[in-house]
Structures are given as structure tokens and as C-alpha cells.
Amino acid sequence: MNRVPFLLIILDGLGDHSYSELNDKTPLEAASQKNISKIKNLGAQGLMDPIAPGVPPSSDTAHLQILGYDLATEYFGRGPIEAMGEGIELKEGEIAFRADFGTIKLVGDKAIVIDRRAGRIPTEETRQLVELLNKEARFIDGYEFKVVGLTEHRATVIVRGEDLSYEVTDNDPHNVNVPVLECQVREEAKDKEKAKRLADLMNKWTIKTMKVLEGAELNERRKKEGKLPANVVLFRGAGVMKKLPTFYEKHGLKAAGIAGGALYKGVAKAVGMDLIEVQGANGMPDTNIEGKFEAAKKALSNYDFVFLHLKATDYYSHKGDPIGKSKFISKFDDNLLIIDEKFKDTAIMITGDHTTPCDRGLHSGEPVPVLISAPSIRRDNTKIFSEREASVGSLGRIRGSDVMKIVLDMVERTVEFGTRPSPRLITYMPSELKFLKIS
Ligand code: ZN
Ligand code: ZN
């Protein structure tokens, strides 16, 4: 069997609109494409709807979909995925939320959110408050709450106990000058009784932690110094730790992930990829992009599938900065040179997990451009890699759920539809076959 390794590069929030400050080009069109064009000349492009047309994906759902997971049956919420990426070990069945220390002001019986980051409280102070909460608000009705402090205002909240369901809503209103929300049961919850139990617990815990934080010495000091107190824990993204079938079990490919942002590291871990840590990879514009490409180059010799994630494109989109985004894509293009020698014998896909138009500053439901090259592929005649050229590329318009089928075909691992070399219904030739014993 011909061994063709696959490199999946995701530039987060890559898709965009055109802007006058970029001469009516999109950030991708305006970027340097010296090395991208070499890949383009070896392949074809098209548009991808990560989930479905018009559906703006979150990064975690888009990634899982692209990696071949079924969101309806295999997505278990953002909280545990992000926690895993932060190196927190969760046990199966434990519930986790992503959380932020924020600032509230009590007005009547409402807690109005003044700041969702408590004035960007430093990591060390967050740790002190976390310690206090883990002592003073550890148990509610016999259920255990454990808070883990992350960088700055960020934290993870873990809930342990029997008969709970994660199918609850956020208390974070995702906006300022709005009251903290009541945690409620999701309408589509499969186990409403267990979800109600968790929602009630979360509401009691929110009120209890507000009181504990209000009395914290550290907050007294912050107020005296004219800083915002961190007097609320805003949570979102409830999820339950669940073991997913591994990427190898699903696709028969030995896979590695390279990412800086916690969520993306978490995705790689959740699907059982080997996570390759790169020093200075931080999911920000100053990430160690060179180090990430060096790591990818090395990994391509040992793995069948390498997932490389870069976050800064999405960062600039949320900031509404198309020039910054375009410059980062140019920097990405420069660094592609590191894997130049791999271009011809590797299958490479460059795409985004969603469109984040700089003029909207939020994820949109528009498709993303996808470029794919492989040693054996029907090439197209598109001129540059871009949202507009992608719409006439020979790959057409695909969905996120098509990606892994295309990947397996490009690495020449597919078997013809209907072929049954193994009891499991799979679309690739398994590496372990059961041979007949002749006695
Ligand atoms: Zn994203
Ligand atoms: Zn985003």
C-alpha cells in the first residue's frame, strides 16, 4: 500500500468578506500566496459548509464535525473539551463548565454584569479566589464543586455526584449591563429530571459563590485600589466527560495534533490523537508558528494524519481587523516553506473551521474555502486560493462531514463501496485483517 501522509491545516475563522482597505479583496486574497500557490497548483479547491449552510459553528463543533464525529450522538459539550486541553484530567461522567470570574453589581434582586473578565484579574489572584471557593463553596446538597484556575479570569468548574445531566443553560448572559441568568433545563434535554437537579445546584452554587467572593479580602483590596472586584463566576458550555471512539478506531489513521489554544488541544485529546506540545505555541498572533511547522514536518514521518491548528486569523476577525488577519495569513504562507519538500508526496488540506467576517466580528454561517492537494488528484484551474475562486473550484461545495471521506480517498486508503474485508462497516482498508488459518 502506498503511504501518503495527510496534513490538515486549520486557520481558525479563515473565511471572510472583502474590504475597501484591502482593495476590495478578502484577507486571504490580499495575503501573500508564494507557497500556498505551490500547493494550489498541485490540487483543487472548493467551498465547505462545516455543519450546514447558514449554520454558524462554534470552533469545537466544527472541528469534531470535520474530523468525522457525529454531533448529534458524539458531541458532549465544550466544557470538558476545553478542560482536557488545559491538562485537567476528568473522569467519565464528570460534568464540566468553562467559567470566567466577572464583576456584578446588585440592583434589587438582580445581579447586573459590569465586566465579564473582572478587569482582567491576574492569574495569581484568580488562583487565590479559586482556593477560597474550593474551601467555602465545595459542597452543595452533598454534590462536590471543584474550581480550577486557568490564565487570568478563566477557570473550569467541575461538578461531581450521581444522577446529574449536563443538559442545562449558561448563567453567563454573554453581555454586560445584563443580569446573571438563571441556569435552566434545556428544552431538548433527554433526562429532564437529572438536568433540573444540576440546574438547581448551579443556581444555589452561583448565589453561594457570590456571597463568598463578596466577602473575600482580596476583593476588598481590589476595590480600595480602584480595581473591579471578582465577585461572580459566570459559567457556560456545560458538558459531560465521555470517551469517544478514537480517531484511529474511526478512520484507521494514526494521528497527531499540534495546537496552541486549549480548546483545540482538547479536541485533539478528546479524539485520542497524540498531542505534540510546541514551546511558545499559544493560540495568539505571536504564536511560535515556525516551531509548529517544524513539529508538523517531523510528525509527518511518524503519523498518517497530522492536524495543525492556527488561531490568530479568528482573533483578528473578532477584533474587526482585516489587515491584521491578512498579514497573519502572509506570515503563515512564509512559514509553509518549512514543509516545502513535503508538498509533492503529502496530501495537504488548508481550510478554516468557519467563516468569521471581520465586519461582523462573529462567526457566520457562510462556507469556508478549502484547498486540497495530493499526489493523486484531479487538479483544477483556479488562480489563487480564495473564497471567490473556491466557488468555481472543482471540489464544488462540500460539508464538514465529507472531509474525512475525502481524506481517506486522497491517502489511497478507501475500499470500494460494498467491499467487506472486516465485520465493521468501514470505508477504509483496515490495517488489521483477520486471516484464515489453514490447518
Ligand atoms: Zn474557530
Ligand atoms: Zn471565533
Student: Mind checking salt bridge (charged side-chain N to carboxylate O under 4.0 Å, His left out) for E29 and listing every partner two or more places apart, or none if nothing turns up?
Tutor: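 With neighbours one apart ignored, the set is R388.
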Student: So, T26 side chain and H17 main chain: donor-acceptor pair closer than 3.5 Å or not?
Tutor: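 Checked: no pair found.
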Student: Any ion pair linking K223 and E214 (charged N to carboxylate O, less than 4.0 Å)?
Tutor: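 Answer for the salt bridge query: yes.
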Student: Can a salt bridge be assigned to the pair E131 and R127 using a cut-off of 4.0 Å between side-chain N and carboxylate O?
Tutor: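 Between R127 and E131 there is no salt bridge, as every charged N stays at least 4.0 Å from the carboxylate O atoms.
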Student: Restricting to non-hydrogen atoms, name the atom on S326 and the atom on A31 that form the minimum distance, rounded to 0.1 Å.
Tutor: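 Distance-wise, the nearest heavy atoms are OG-N, 3.4 Å.
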Student: Using the test ring pair (Phe, Tyr, Trp, His ring centres under 6.0 Å), find all partners of F332 that sit at least two apart in sequence or belong to another chain.
Tutor: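 F332: ring pair (Phe, Tyr, Trp, His ring centres under 6.0 Å) contacts with F293.
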Student: What residues form a ring pair (Phe, Tyr, Trp, His ring centres under 6.0 Å) with F235, not counting sequence neighbours?
Tutor: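 F97.
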Student: Could you list all the side chain to side chain donor-acceptor pair (under 3.5 Å) pairs where at least one residue sits in residues 105-118, not counting sequence neighbours?
Tutor: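 Listed once each, the pairs are R116-D172.
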Student: Hey, mind stepping through L8 and I10 against side chain to side chain contact (heavy atoms under 4.5 Å, CB included) and telling me if it holds?
Tutor: CA-CA 6 Å; L8 170 68; I10 294 197; 4.0 Å; yes
Student: Under 4.0 Å between a Lys/Arg side-chain N and an Asp/Glu carboxylate O for E74 and K242?
Tutor: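 Answer for the salt bridge query: no.
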Student: Just checking, K25 and Y19: is the charged tip under 6.0 Å from the six-membered ring centre and within 45° of the axis?
Tutor: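 Negative - K25 is either too far from the ring of Y19 or too far off its axis.
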Student: Measure the shortest side-chain to side-chain distance between I339 and L336 over non-hydrogen atoms and say whether it is less than 4.5 angstrom.
Tutor: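 I339 vs L336: side chains touch.
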Student: When you check the gap from the basic side-chain N to the acidic O, do D314 and K325 get nearer than 4.0 Å?
Tutor: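 No, no charged N to carboxylate O under 4.0 Å.
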Student: Can you list everything that forms a salt bridge (charged side-chain N to carboxylate O under 4.0 Å, His left out) with K227? Sequence neighbours excluded, please.
Tutor: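 Only E225 meet the salt bridge (charged side-chain N to carboxylate O under 4.0 Å, His left out) criterion with K227.
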Student: With sequence neighbours excluded, what pairs up with T61 under the side-chain hydrogen bond (donor to acceptor under 3.5 Å, both in side chains) test?
Tutor: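 S58.
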Student: Which residues satisfy the side-chain hydrogen bond (donor to acceptor under 3.5 Å, both in side chains) test with N171, sequence neighbours excluded?
Tutor: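 Here the qualifying residues are T206.
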Student: Kindly write out the residues that satisfy side-chain contact (heavy atoms from CB on, under 4.5 Å) with S364, not counting sequence neighbours, or none if the list is empty.
Tutor: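 side-chain contact (heavy atoms from CB on, under 4.5 Å) list for S364, sorted by chain: T355, P357, R360, E366.
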Student: Is Y69 reaching over with its side chain to a backbone N or O of P245, donor-acceptor style, under 3.5 angstrom?
Tutor: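 At least one qualifying donor-acceptor pair exists.
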Student: Donor-acceptor pairs under 3.5 Å, side chain of residues 253-273 to any protein atom, not counting sequence neighbours: which ones?
Tutor:
residue : atom : partner : partner atom : Å
K254    : NZ   : N302    : O            : 3.2
Y264    : OH   : D12     : OD2          : 3.1
Y264    : OH   : S59     : OG           : 3.1
Y264    : OH   : K311    : NZ           : 2.8
K265    : NZ   : E277    : OE1          : 3.3
K269    : NZ   : M84     : O            : 3.1

Student: Taking ring pair (Phe, Tyr, Trp, His ring centres under 6.0 Å) as the definition, give me every residue that meets it alongside F307, ordered by chain and number, with sequence neighbours left out.
Tutor: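 Once residues adjacent in sequence are excluded, the partners of F307 under the ring pair (Phe, Tyr, Trp, His ring centres under 6.0 Å) criterion are H63.
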Student: Quick test of your reading: applying side chain to side chain donor-acceptor pair (under 3.5 Å), list the pairs with at least one residue in residues 76-85, sequence neighbours left out, ordered by first then second residue.
Tutor: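 As it turns out, the side chain to side chain donor-acceptor pair (under 3.5 Å) pairs with a partner in residues 76-85, which skip direct neighbours, are R78-E82, E82-R98.
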Student: Among residues at least two apart in sequence or on other chains, which ones pass ring pair (Phe, Tyr, Trp, His ring centres under 6.0 Å) with F145?
Tutor: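 W205.
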Student: About how many Å separate CD of E125 and CD of E152, when rounded to the nearest 0.5 Å?
Tutor: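 Those atoms lie 11.5 Å apart.
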Student: Between D333 (side chain) and N35 (backbone), is there a donor-acceptor pair under 3.5 Å?
Tutor: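 Pair found, side chain donor or acceptor close to backbone of N35.
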Student: If the threshold is 4.0 Å, N to carboxylate O, is there a salt bridge linking K204 and D200?
Tutor: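 No.
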Student: Counting heavy atoms not belonging to E193, are there more than 12 under 6.0 Å from its CD?
Tutor: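 Not more than 12 within 6.0 Å, no.
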